[in-house]
Amino acid sequence: MQNEGPPIITICPGLQPKVYPKDNVSKAIQVMNETGIGAVAVIDEHGKIIGIFTERDLLNKVLVKNKKLEEVIIEDVMTKNPIIGNPSWSASKAIKTMAYYGFRHLPIVDDAGYYLCMVTIRELEKFITQIDIGVEPSEILGGD
């Protein structure tokens with residue numbers, strides 16, 4: 001890829017889906033539904049990321065075990081110490097990282113560990129398509 005584009009923070013959707021460790025799974029699902037992102041960052045009281053909870057965690061750690069959503073606490077089912085991205089990374093580096101580790105959501109965290117936003121593979125694919133072909137996908141497909 002010739003043009004890796006601007007820093008990832010400039011294409012971050014601005015959504016900051018997040019919950020706290022003592023929140024229950026129902027809260028995480030509500031936040032995922034409101035933002036349209038299938039993952040939430042788990043942050044401490046200072047805003048630093050300590051984990052991530054994804055749709056896959058919901059499926060594999062909660063639903064498969066027939067647990068009640070309101071009774072399951074996020075810190076018990078989150079992925080601790082998630083792979084994170086830096087706001088200065090290029091879209092290309094973020095995509096390569098996500099592909100290597102096999103996930104679709106990448107929390108972006110500043111150098112001090114504060115959570116900034118969640119980047120999705122969907123947003124990155126749209127962005128890469130735009131810089132590769134120089135037009136919005138909707139222009140090709142005839143949509144708005």
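Quick caveat, the model's predicted, so the values are computed rather than measured.
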Engineer: Evaluate the side-chain contact (heavy atoms from CB on, under 4.5 Å) criterion for residues Glu123 and Ile11: first the C-alpha distance (whole Å), next the side-chain angles of each, then the deciding distance (0.1 Å), finally the verdict.
Structural biologist: CA-CA 8 Å; Glu123 288 297 321; Ile11 62 170; over 6 Å; no
Engineer: Just checking Tyr20: does its OH atom have more than 12 heavy atoms from other residues, nucleotides or ligands closer to it than 6.0 angstrom?
Structural biologist: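 Atom OH in Tyr20 is not packed in, count stays at 12 or less.
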Engineer: Can any side-chain N or O of Tyr115 pair as donor or acceptor with the backbone N or O of Pro17 at less than 3.5 Å?
Structural biologist: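 The answer is yes, because a donor-acceptor pair under 3.5 Å joins these two groups.
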Engineer: Does Thr79 use its side chain to pair, donor to acceptor, with the backbone of Pro82 at less than 3.5 Å?
Structural biologist: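 Not at all, since once roles are kept as given, no pair shorter than 3.5 Å links the two residues.
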Engineer: What's the shortest heavy-atom distance between Pro7 and Pro87, and which atoms?
Structural biologist: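 Closest pair (atom of Pro7, atom of Pro87, distance): CB-O, 3.4 Å.
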Engineer: Answer yes or no: is there a donor N or O on one side and an acceptor on the other, between the side chain of Asp57 and the main chain of Thr54, under 3.5 Å?
Structural biologist: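 It does hold such a pair.
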Engineer: Side chains of Ile29 and Leu58, heavy atoms from C-beta outward: is any pair under 4.5 Å?
Structural biologist: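 Sidechains of Leu58 and Ile29: in contact.
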Engineer: Going by heavy atoms in the side chains, are Val31 and Asn33 under 4.5 Å from each other?
Structural biologist: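 No, too far: nothing below the 4.5 Å cut-off.
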Engineer: Above 12 or not: heavy atoms from other molecules or residues under 6.0 Å from NZ of Lys61?
Structural biologist: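 Yes, NZ of Lys61 has more than 12 neighbouring heavy atoms, counting only those of other groups under 6.0 Å.
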Engineer: Evaluate the criterion side-chain contact (heavy atoms from CB on, under 4.5 Å) for residue pair Ile52 and Val42; output intermediate values, then yes/no.
Structural biologist: CA-CA 5 Å; Ile52 188 170; Val42 183; 5.7 Å; no
Engineer: If you take all heavy atoms of Leu106 and Ile84, which pair is closest and at what distance?
Structural biologist: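 For Leu106 versus Ile84, the nearest heavy atoms are CD1-C, 3.8 Å.
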Engineer: State whether the side chain of Glu55 and the backbone N or O of Ala39 hold a donor-acceptor pair below 3.5 Å, judged by distance alone.
Structural biologist: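 No; zero donor-acceptor contacts below 3.5 Å.
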Engineer: Residues in side chain to side chain donor-acceptor pair (under 3.5 Å) with Arg56, at least two apart?
Structural biologist: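 Applying side chain to side chain donor-acceptor pair (under 3.5 Å) to Arg56 gives none.
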Engineer: If you look at every heavy atom in Asn60 and Lys65, which pair is closest and at what distance?
Structural biologist: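 Minimum heavy-atom contact is O-CE, 4.1 Å.
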Engineer: Do the side chain of Lys80 and the main chain of Gly51 share a donor and acceptor less than 3.5 angstrom apart?
Structural biologist: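 Absent.
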Engineer: I want to check something: taking the side chain as every heavy atom from C-beta on, are Val72 and Lys67 in contact at a cut-off of under 4.5 Å?
Structural biologist: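 SC-SC contact between Val72 and Lys67 confirmed.
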Engineer: Applying side chain to side chain donor-acceptor pair (under 3.5 Å), name anything that partners Asn81, two or more places apart in sequence or on another chain.
Structural biologist: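 Applying side chain to side chain donor-acceptor pair (under 3.5 Å) to Asn81 gives none.
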Engineer: Mind checking whether Ile74 and Ile43 sit in one hydrophobic cluster, side chains of I, L, V, M, F, W, Y counted as touching below 4.5 Å?
Structural biologist: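 Different clusters.
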Engineer: Quick one: list whatever passes salt bridge (charged side-chain N to carboxylate O under 4.0 Å, His left out) with Asp23, sequence neighbours left out.
Structural biologist: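 If we apply the salt bridge (charged side-chain N to carboxylate O under 4.0 Å, His left out) test to Asp23, skipping adjacent residues, there are no hits.
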